[in-house]
Amino acid sequence: MRLLKIPAKSRSWAARALALACILPVSGCEWLHMDGHQSAMDAEGPVALAQLKLFYVTCWVTLVIFILVGSVFAYAIFKFRARSEAEEAAIPAARGHGNPFVEMGLIGGSILALVFIAFPTLKDILYTYDVPAAEKANSYQVVAIGYQWWFKFEYPNEQIPGAGVVTTANELVIPAGRAVHIDLRSIDVMHSFWVPKLAGKVDMIPNRANFLWLEADHPGYYWGQCAEFCGDSHALMRFRVIALDDKDFSEWLAQQKLPAREVAASGTQAPKAQFASLRTFQTNEIGFADDQLNVSPLDAWRAKQFPEKNEDPALIAQGKALFQAKTCFTCHVVRGSQLGGSPLYPDLTHVGARTTIAGGVLENTPEMVQRWIHNPGAVKPGNKMWVNGYLLNHIQLTPDEEVALVAYIESLK
Ligand code: CUA
């Protein structure tokens, strides 16, 4: 079909230029900055590094194949192109069988390429499977459990007398420079555990004892993500890994073993600290301030371990009473301070010391905690706090009650 009166020669070159122009934007042009929060190209531990190196081996092999095949293809296009109108209209020559040596060579070459990739692949499958024998004795044990849509982390060797083991949510704190074996469990549907800079992904499957291991080369703050579609809010099921040196890690463990922090109520009712807002939030509005957590997340995490500077004891006492009155305690454990709680929901004993809430989608600031308890369903559609808690139990909070509850939650360091 001749829609345009362009000579055949120019047309074919124009088509090639167009094809190239289309490839460039598709490639993403991300080559210059590959150190994003969840970039697997920026490995910071031995497991992720092994996975990254294997990826590069595959890339180089396929690049060589691409260049070889592409060159032959380009040569054929150039050599056998139609040079005139007559050649373009000519009937193609009958197909021959081809050259058996070339065909056997291609089969042999493909097998070689696969074998070349298979050796490092098998080596890394064995290496990334579990903690290397030499490091086993010094390794640390954690259990990660997937829920719709948040992560629970248990420390099976860190007993709290009469209260089970150290348990936290959405933020996995580990010792840096030490192999960590993580048992992966799921309470409901399939999830997947992935910390791109450290290791992954391995699925968390109900009734199946999966596990992985990882190690952080140095203290740091790492972003993690559920990597298996698990329902409405799958994309909002995130977590963090905080790697600490030995001293910080044992201090953190000691703090986690303590019961919930109590703030002595002062006699006078101080003026209520209103948030700048009590504003409404847009759907999918980002839940992070452009601040310390972006610039220096580990320092931001450290700062969260200490009581807030301007806390209001009277407001906190009011929030603590509301935690009972509004039946929050029936689901959430606040150890030593509130009655009840269930292992099916996030343990809030030290929630104020985390940098994120709501499955890692909101920064743990008073404004964001208020946003969450004001309307959990708007932040994370389908979540159980909204469906099984607020809706089922007709829980309603006035703005003042929200402010008091937020003050209490933030005080739980
Ligand atoms: Cu859990 Cu996706």
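The structure presented is a predicted model; accordingly, all values stated were derived computationally and were not measured. Every number for a ligand or one of its atoms is a count from 1 in the order of the listing.
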| said: Distance alone, cut at 3.5 Å: any donor-acceptor contact between the side chains of Thr356 and Glu171? | reply: yes
| field | Polar protein atoms (N, O or S) that approach atom 2 (Cu) of ligand 1 to under 2.8 Å | value | Cys226 SG, Glu228 O, Cys230 SG, His234 ND1
| field | Pair Thr349-Asp347, side-chain donor/acceptor within less than 3.5 Å | value | yes
| query | If you measure from the Lys or Arg side-chain nitrogens to the Asp or Glu carboxylate oxygens, is any gap between Glu262 and Lys320 under 4.0 Å? | reply | yes
| query | So, Phe151 versus Trp149, ring centres under 6.0 angstrom or not? | reply | no
| Ionic contact status for Glu401 with Lys326, cut-off 4.0 Å | yes
| said: Under 4.0 Å between a side-chain nitrogen and a carboxylate oxygen: does that hold for Glu251 and Lys247? | reply: yes
